[in-house]
Asker: 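Here it is: the structure, laid out below.
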Amino acid sequence: MSVDAAALQHAIERLRAASSICVLSGAGMSAESGIATFRDALSGLWARFDPAQLASPEGFRADPSLVWRWYAERRAAVRAAQPNAGHHALAAFAKRHPGRLTLVSQNVDDLHQRAGNVDTIRLHGDMLEDQWLDACPRAMSCDTAWAAPTVPPRCEACGNLVRPGVVWFGEALPFVALQAAEQAARSCQAMLVVGTSGVVWPAAGLAAQARRAGAFVIIVNPDASDIDGDAQLHLPDTAARLLPLLLDSL
Ligand code: OAD
């Protein structure tokens, strides 16, 4: 895989000229840190596991311990992983250019944050966080850390279960995060879309919003995605290889 030098230069010039840049990242961003994507044909999680069982409120209620254990394994893998050169290039750029980059991520790992992008807008939650499954019947705001250490942890008073703090299929995205992401998409001069298949909405719609508002949209992905038509430029290579080439000289 190699990116045409003229296309790379074109992308760099567009980014250099942009006073505001929005980055939308997906699972491919963390692939070179050893975290599996969802939809890659052989290695993707949804090629091996059933999202209806493992990533929906109904699946969790049907077999809470199975789902909890699956997330426990994924949490361990994320904790053992390290940010890659792509995460570091984005964090270093944000540090050199305060206020110029807005990072919006679909990723539920914490690799952008650990690289230094602590204000990343997280559309799909945080896999390492716990939250209660249901509203407390007694309207108490108990800390999930007080839950009894069963699998999954549960409230000893009412039986409420603890679940991972991610957005599952059929659930709404966090309103404030989505609003901030849409605002960033509509107001940026350039958008970099990194490592997403572009099949999950509403995140997948952000590139089109940016394009309609006049932004130059660049996709970094070794393969085709569903939103290639929204971009002026597709750079077919990986996040860890391309992001340093795109950003380090700016
Ligand atoms: P997908 O697994 O759907 O897509 C990953 C994309 O990354 C594919 O288009 C790959 O070609 C690309 N890719 C793979 N390796 C790459 C690399 N090294 N560099 C750059 N790109 C690479 O992941 P998402 O689009 O993020 O939801 O999936 C969207 C949502 O669906 C996820 O946030 C997740 C899932 O269900 C939740 O976790 C709530």
Side-chain angles (χ1 to χ4, degrees), residues 1-3 11 23-57 59-60 67 70-71 73-75 77-78 81-90 103-112 120-129 131 163-174 177-178 181 192-207 218-231 233-247:
M1 230 168 333
S2 76
V3 170
V23 174
L24 171 67
S25 70
M29 180 79 229
S30 299
E32 287 151 295
S33 294
I35 300 181
T37 65
F38 296 95
R39 295 180 183 78
D40 279 292
L42 293 175
S43 58
L45 292 173
W46 298 154
R48 292 174 285 144
F49 301 103
D50 177 6
Q53 187 177 36
L54 296 166
S56 76
F60 185 75
V67 178
W70 189 69
Y71 276 92
E73 270 179 38
R74 288 183 59 211
R75 284 175 166 185
V78 163
Q82 296 302 325
N84 63 51
H87 296 104
H88 287 303
L90 286 170
L103 178 49
V104 179
S105 188
Q106 300 168 81
N107 294 347
V108 294
D109 64 50
D110 64 345
L111 296 183
H112 281 308
T120 301
I121 297 170
R122 311 185 78 161
L123 291 178
H124 293 165
D126 177 349
M127 185 175 57
L128 300 175
E129 286 223 322
Q131 65 185 43
R163 56 165 279 185
V166 301
V167 177
W168 278 330
F169 289 105
E171 295 183 315
L173 271 62
L178 181 58
L192 256 181
V193 179
V194 185
T196 180
S197 57
V199 305
V200 173
W201 288 73
L206 292 171
I218 303 163
I219 289 185
V220 171
N221 193 320
D223 294 317
S225 77
D226 272 25
I227 52 176
D228 286 353
D230 298 327
L233 204 54
H234 174 204
L235 302 177
D237 206 339
T238 71
R241 277 202 291 257
L242 270 183
L243 290 177
L245 294 176
L246 285 170
L247 298 172

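All ligand and atom numbering here is 1-based and tracks the order in the structure.
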Asker: Any side-chain to backbone donor/acceptor pair from Glu32 onto Ala240? Under 3.5 Å, distance only.
Answerer: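 Indeed, once roles are kept as given, a pair shorter than 3.5 Å links the two residues.
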
Asker: What residue and atom, counting heavy atoms only, is the protein's closest point to atom 13 (N) of ligand 1, and at what distance?
Answerer: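 Among all protein heavy atoms, the one nearest atom 13 (N) of ligand 1 is Gly28 CA, 3.6 Å.
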
Asker: Apply side-chain contact (heavy atoms from CB on, under 4.5 Å) to the pair Ile35 and Leu111, showing each step before the final yes or no.
Answerer: CA-CA 10 Å; Ile35 300 181; Leu111 296 183; 3.7 Å; yes

Asker: Can you name the atoms of ligand 1, numbered from 1 with element, that are less than 4.0 Å from a heavy atom of Gly26?
Answerer: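 Those qualifying, in numeric order: 26 (O).
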
Asker: Looking only at side chains, do Asp40 and Thr37 share a donor and an acceptor under 3.5 Å apart?
Answerer: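 There is such a pair (donor and acceptor under 3.5 Å, judged by atom type) between the side chains of Asp40 and Thr37.
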
Asker: Between Leu123 and Val167, is a side-chain contact (heavy atoms from CB on, under 4.5 Å) present by the stated rule, with each step listed?
Answerer: CA-CA 8 Å; Leu123 291 178; Val167 177; over 6 Å; no

Asker: With nothing but distance in play, are any N or O atoms of Ala239 less than 3.5 Å from an N or O of ligand 1?
Answerer: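 N/O-N/O distance below 3.5 Å exists for this pair.
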
Asker: Considering only protein heavy atoms, which is closest to atom 3 (O) of ligand 1, and at what distance to one decimal place?
Answerer: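 The closest one turns out to be Ser197 OG, 2.5 Å.
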
Asker: Nearest protein heavy atom to atom 32 (C) of ligand 1, by residue and atom, and its distance?
Answerer: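 Here the nearest protein heavy atom works out to Phe38 CE1, 3.5 Å.
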
Asker: Ala27 versus ligand 1: do any nitrogen or oxygen atoms come within less than 3.5 Å of each other?
Answerer: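 Yes.
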
Asker: Around atom 25 (O) of ligand 1, find the nearest protein heavy atom and jot down its residue, atom name and distance.
Answerer: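 The protein heavy atom lying closest is Thr196 OG1, 2.6 Å.
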
Asker: Considering non-hydrogen atoms of the protein only, which is the closest contact for atom 9 (O) of ligand 1, and what is the distance?
Answerer: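 Here the nearest protein heavy atom works out to Asn221 ND2, 2.9 Å.
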
Asker: Taking the minimum heavy-atom distance to atom 6 (C) of ligand 1, which of Gly195, Gly198, Ala204 ranks first?
Answerer: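 Of the listed residues, Gly195 has the closest heavy atom.
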
Asker: Please verify whether a non-hydrogen atom of Ser225 lies at under 4.0 Å from ligand 1.
Answerer: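 The answer is no: ligand 1 sits nowhere under 4.0 Å from a heavy atom of Ser225.
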
Asker: Decide yes or no on side-chain contact (heavy atoms from CB on, under 4.5 Å) for Leu246 and Val220, but give the supporting numbers first.
Answerer: CA-CA 10 Å; Leu246 285 170; Val220 171; 3.9 Å; yes

Asker: With a cut-off of 4.0 Å, which atoms of ligand 1 are near a heavy atom of His124?
Answerer: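 Counting from 1, the qualifying ligand atoms are 27 (O), 30 (C), 32 (C), 33 (O), 37 (C), 39 (C).
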
Asker: Atom CD of Gln106 and atom CD1 of Ile121: how far apart are they, to the nearest 0.5 Å?
Answerer: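 Interatomic distance, Gln106 CD to Ile121 CD1, rounded to 0.5 Å: 13.0 Å.
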
Asker: When you measure from atom 29 (C) of ligand 1 to every protein heavy atom, which one gives the shortest distance, and what is it?
Answerer: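 Sorting protein heavy atoms by distance from atom 29 (C) of ligand 1 puts Gln106 OE1, 3.3 Å first.
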
Asker: Does some non-hydrogen atom of Trp168 fall short of 4.0 Å from ligand 1?
Answerer: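 No heavy atom of Trp168 comes that close to ligand 1.
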
Asker: Consider ring-ring contact (aromatic ring centres under 6.0 Å, His included). Of Trp70, Trp168, Tyr71, which one does Phe60 pass it with?
Answerer: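 Option passing the ring-ring contact (aromatic ring centres under 6.0 Å, His included) with Phe60: Trp168.
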
Asker: Using distance alone, decide if ligand 1 has a nitrogen or oxygen within less than 3.5 Å of any nitrogen or oxygen in Glu32.
Answerer: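 Min N/O separation from ligand 1 is below 3.5 Å for Glu32.
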
Asker: How close does the nearest protein non-hydrogen atom get to atom 15 (N) of ligand 1, and which residue and atom is it?
Answerer: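 Ranking protein heavy atoms by distance from atom 15 (N) of ligand 1, first comes Ala31 CB, 3.7 Å.
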
Asker: Report, in ascending order of atom number, the atoms of ligand 1 lying under 4.0 Å from any heavy atom of Phe169.
Answerer: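 Reading through ligand 1 atom by atom, the close ones are 36 (O).
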
Asker: When you compare the side chain of Leu128 with that of Arg75, does any pair of heavy atoms fall below 4.5 Å?
Answerer: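 A side-chain contact under 4.5 Å exists here.
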
Asker: Tell me: protein heavy atom nearest atom 14 (C) of ligand 1, and distance?
Answerer: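 The closest one turns out to be Asp40 OD2, 3.4 Å.
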
Asker: Give yes if a backbone or side-chain nitrogen or oxygen of Arg39 is under 3.5 Å from a nitrogen or oxygen of ligand 1, and no if not.
Answerer: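 Yes, since at least one N or O of Arg39 sits under 3.5 Å from an N or O of ligand 1.
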
Asker: Between Asn221 (side chain) and Ala224 (backbone), is there a donor-acceptor pair under 3.5 Å?
Answerer: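 No; judged by distance alone, with no hydrogens or angles, the pair does not exist.
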
Asker: Just to verify, which of Asp110, Val108, Asn107 counts as forming a side chain to side chain contact (heavy atoms under 4.5 Å, CB included) with Ser30?
Answerer: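 Filter result, single survivor: Asn107.
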
Asker: Start with the C-alpha gap between Asp109 and Met29, add the side-chain angles, then the distance that decides, and say whether side-chain contact (heavy atoms from CB on, under 4.5 Å) holds.
Answerer: CA-CA 10 Å; Asp109 64 50; Met29 180 79 229; over 6 Å; no

Asker: Using modelled atom types and a 3.5 Å cut-off, is there a donor and acceptor pairing between side-chain atoms of Arg48 and backbone atoms of Ser43?
Answerer: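 Checking the backbone N and O of Ser43 against the side chain of Arg48, a donor-acceptor pair under 3.5 Å is found.
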
Asker: Is Thr196 reaching over with its side chain to a backbone N or O of Gly198, donor-acceptor style, under 3.5 angstrom?
Answerer: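 The answer is yes, because a donor-acceptor pair under 3.5 Å joins these two groups.
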
Asker: Quick one: does Val167 get within less than 4.0 Å of ligand 1, heavy atoms only?
Answerer: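 Yes, that is the case, since the closest heavy atom of the residue is under 4.0 Å from the ligand.
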
Asker: At a 4.0 Å threshold, what atoms of ligand 1 neighbour a non-hydrogen atom of Thr238?
Answerer: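 Per the distance check, 17 (C), 18 (N), 19 (N).
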
Asker: Any idea which atoms of ligand 1 are less than 4.0 Å away from a heavy-atom of Val200?
Answerer: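 Those atoms are 29 (C), 30 (C), 31 (O).
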
